[in-house]
Amino acid sequence: MLNPGIAESFRRVGHDLRAWTPGEAAPVLAVRAACGIAVAMVVVQALDVPGWGAAAVIGAWLGGVGLLTPGTRTEPGLPLLIGLVGAGGVALGAIDHPVPLVAAAAVYAAALTFLGSVSNATGVTLTVSGLAFFLASHLVADTDALAAAIAVCGGGAVQALMALLPPRYRWAEDRRILAGAWRSLADDAEALADDVDVPFRTEALAEAARELDRRRALPSAIVDARSQMYAISTAIGRVASARARANARDSDTVEFQSEALRLAARLLRHFAAEITAKRPVALDWDELLEGLAQNPVATSTGTIPVEISGLLRVLHDTEGYAARIATGSDEVVADPALRYARSQVRESIAQLAARLRWSDPVVHHSLRRAGVIALATAVGVAWPFGHGYWIPLTAWLVLQADFAGTLTRGVTRAVGTFGGVVAASLLSLVIPHQAMALSLVVLAFALLAYASRPVSMLVFAAAVAGFTVFQIDLSGDDALGAAVDRASSTALGASLSIVFYMLMPTWQTRRLRDRVADLVDGYSDYARLALDRQAHPADYDAKLMHAVIDEVRDKRAALATAADQAKAEPVAGPGPLSADAVGAEAALSRAARALVAINASVGRGEAEGLPGVDDFSQAVDAAYRRLAALARGEDPPLPVDLEEAARRLDGQLADGDAETRARRSVLRWEIDNLIEALDDAGHLMADWHRR
């Protein structure tokens with residue numbers, strides 16, 4: 001029987017080869033980036049420095065790839081930075097002696113990989129810029145290294161200027177990030193309308209918050225909407241909690257609450273479309289509310305339950321933010337550039353310093369990439385034919401931090417590049433080798449690559465191969481032999497990456513214990529704050545609560561990523577496998593949803609604490625500590641009798657005034673859900689401890 005991880009890897013390879021997402025295409029930006037290459041060609045021709053041509057075009061090419069990479073902002077700073085880093089790569093890659101060149105390749109790969117772990121934008125910038133290192137020997141063929149480096153910078157500068165040209169959809173990436181968070185909340189609301197026990201799925205919220213918080217400048221509406229994501233999530237949780245409490249009593253009430261959640265989902269999706277569409281459609285609140293207002297629960301009392309009215313108020317505020325973002329009428333909130341740069345540098349240094357330990361996977365990946373690039377560079381230097389540089393170039397692009405990513409990227413790039421070099425080599429037999437004809441072919445391949453960059457990795461790899469063949473590698477009379485050589489070099493580079501990963505792996509399956517335990521610790525912090533708010537509402541610190549929520553979301557996202565990567569790994573335990581970790585996370589998420597409802601039941605301005613909550617909170621804290629020990633495979637402390645702690649708390653909550661009746665009712669209901677979920681998580685993790 002085939003190993004499940006290998007079967008999943010094959011499935012992902014097939015999906016990656018067939019992947020086609022036309023909705024992500026950016027034709028205007030692709031044409032503009034291709035025009036940047038044309039401008040670079042014209043400028044080199046006008047200055048009469050033909051030796052600079054290849055370097056300037058490569059600089060413009062790399063700057064355009066950075067702008068078309070999904071998840072990057074279309075701002076001029078990115079191609080400028082790519083040009084600068086690429087210039088450094090040209091200077092290092094121009095070393096003539098093989099031994100220093102291989103050493104430089106290892107250091108360059110390790111440094112860029114480690115520094116690229118700071119953020120997604122940094123990783124994209126350094127990965128794209130690193131290609132200049134492997135192309136350096138061709139870029140300095142007709143000029144010196146300094147002139148080639150300057151030309152690469154100039155090409156990046158040309159794309160920076162092109163990024164400023166209209167049509168320019170301002171804040172497009174930031175709008176997309178916020179819209180993704182709203183769609184994630186909509187999915188959550190829709191799922192809760194059908195089943196109140198579905199687990200949290202807040203990875204998109206964590207990613208959105210993290211990315212938006214890194215921006216130096218944003219419209220004030222986006223800043224406000226980013227902060228309001230907490231309120232939306234809380235309001236949805238309150239309605240879901242009310243639906244769960246009514247589940248066994250009144251089907252009409254359940255349907256009313258479910259309809260409110262579905263309404264929230266429709267509104268959030270509308271707001272997401274409004275801030276990302278060029279011509280947003282106006283929102284008709286009367287039409288949307290008509291179905292909700294006709295519900296029998298609403299008309300029998302003449303009022304809407306407080307949970308639903310609170311959700312509608314939050315969504316009304318969200319509508320205001322969406323309208324402000326869509327019209328672009330807001331002022332821009334920006335930190336001073338120098339202060340922002342200093343804070344980013346300090347944060348990046350602290351982040352990198354925290355990763356300077358042998359157990360960190362970023363260090364493992366940096367060393368693995370250094371090793372495979374050094375090996376690929378040495379093989380490329382010794383390659384007996386004329387296209388050995390394709391070996392380290394392919395290895396640089398293929399090797400990823402996880403096995404599944406390396407395998408899928410390796411196969412996709414190898415297949416795409418093979419097809420691209422064969423097609424380009426055959427095309428070179430019929431294309432006149434004249435400057436104008438070759439320039440037009442280069443631009444055609446560049447346009448195809450830019451257009452397919454966010455759409456299909458397979459087509460993009462083929463277009464990049466064709467661009468490279470016609471730009472810097474079109475020589476000799478044996479086009480068919482050159483095509484075989486390029487394809488062989490590409491296949492060898494991809495194979496080196498995959499084999500090297502197998503020899504020096506970082507299996508996420510081995511890290512699932514720690515990921516689950518980290519998430520348990522985060523949920524424990526949240527439980528402590530949520531219950532403390534019930535006991536001492538006057539001491540509630542909203543900023544601290546938001547910080548803990550962000551931390552939990554980051555840890556959830558880290559576990560979700562690790563579990564997804566582990567699913568495609570051809571390894572087994574000891575400890576939990578991907579499905580085990582996902583099951584435990586689902587139980588922990590149900591417990592967290594109960595805590596969200598407990599936290600949301602305390603209104604603003606309430607100062608009266610509930611008796612007995614402090615003692616119950618200590619019992620819950622002990623239960624989470626036991627779960628963390630079970631997850632890590634350590635000897636756990638003695639189990640805690642949460643049911644007995646809940647009975648004692650229930651006795652103390654029996655008496656109270658009318659003002660706290662709703663809070664006491666929510667607390668009683670949700671504590672039962674909390675205990676049940678924590679017990680389920682404990683049973684699941686106990687099996688890991690015995691493995």
Side-chain angles (χ1 to χ4, degrees), residues 192 196-197 230-231 233-261 292 295-314 526-542 545 590-620 642-677:
L192 286 169
V196 293
D197 290 328
Y230 300 108
S233 180
T234 300
I236 290 173
R238 292 186 70 182
V239 175
S241 176
R243 179 190 182 280
R245 292 195 300 273
N247 206 11
R249 298 195 307 266
D250 190 343
S251 60
D252 288 338
T253 301
V254 170
E255 181 57 34
F256 187 38
Q257 306 283 8
S258 297
E259 179 59 31
L261 291 170
L292 191 66
N295 191 282
V297 176
T299 56
S300 62
T301 61
T303 61
I304 292 179
V306 63
E307 296 87 2
I308 295 180
S309 61
L311 176 61
L312 293 177
R313 282 196 301 271
V314 170
Y526 180 74
R528 196 176 303 115
L529 291 178
L531 292 172
D532 185 71
R533 188 179 185 186
Q534 290 285 349
H536 312 283
D539 298 334
Y540 175 68
D541 187 339
M545 175 64 81
R590 286 192 286 112
R593 196 175 290 285
L595 290 167
V596 168
I598 290 171
N599 181 59
S601 67
V602 183
R604 291 183 179 179
E606 292 193 42
E608 184 177 349
L610 298 180
V613 177
D614 281 329
D615 291 338
F616 180 75
S617 178
Q618 292 178 7
V620 170
L642 285 179
E643 292 187 355
E644 176 59 29
R647 280 194 291 270
R648 291 196 301 267
L649 175 60
D650 189 66
Q652 293 179 281
L653 293 177
D655 299 325
D657 55 31
E659 293 182 0
T660 63
R661 183 182 297 116
R663 284 171 55 196
R664 287 183 283 119
S665 174
V666 171
L667 196 58
R668 285 193 177 110
W669 175 272
E670 297 299 346
I671 280 176
D672 291 340
N673 296 330
L674 173 67
I675 293 173
E676 181 183 357

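- Residue Gly237 comes nearest to Val596 through the heavy atom pair CA-CG1, 4.4 Å, listed as atom of the first residue, atom of the second, then distance.
- Nearest heavy-atom pair, Ala619 versus Ala645, reported as atom, atom and distance to 0.1 Å: CB-CB, 3.9 Å.
- Rounding to the nearest 0.5 angstrom, the gap separating the CG atom in Leu529 from the CG atom in Asn599 is 8.5 Å.
- Side chains of Gln534 and Ser601: a donor on one and an acceptor on the other come within 3.5 Å.
- Annotation: the span from Ile671 atom CD1 to Leu531 atom CG amounts to 7.0 Å, rounded to 0.5 Å.
- Once rounded to the nearest 0.5 Å, the distance linking CZ of Arg663 with OG of Ser665 reads 12.5 Å.
- Heavy-atom neighbours of Arg661 CZ from other residues, nucleotides or ligands within 6.0 Å: at or below the threshold of 12.
- Interatomic distance, CZ of Arg664 versus CG of Leu653, reported as 7.0 Å (0.5 Å rounding).
- Paired with Ile308 under the rule side chain to side chain contact (heavy atoms under 4.5 Å, CB included), one option of Gln257, Arg238, Arg313, Arg243 passes, and it is Gln257.
- Of all heavy-atom pairs spanning Ala260 and Val239, the tightest one is CB-CG1, 4.5 Å.
- Taking Asp672 as the reference, nothing meets the side chain to side chain contact (heavy atoms under 4.5 Å, CB included) condition, with sequence neighbours excluded.
- To the nearest 0.5 angstrom, Arg533 atom CZ is 13.0 Å from Leu595 atom CG.
- Scanning all heavy atoms of the two residues, the minimum distance from Leu311 to Ala235 falls at CD1-CB, 3.7 Å.
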Identify all side-chain donor-acceptor contacts of residues 608-617 below 3.5 Å with residues at least two apart in sequence or on another chain.
{"residue": "Asp614", "atom": "OD1", "partner": "His536", "partner atom": "NE2", "Å": "3.3"}
{"residue": "Asp614", "atom": "OD2", "partner": "His536", "partner atom": "NE2", "Å": "3.0"}

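- Leu261 contributes atom CG, which lies 11.0 Å from atom CZ of Phe256 (distance to the nearest 0.5 angstrom).
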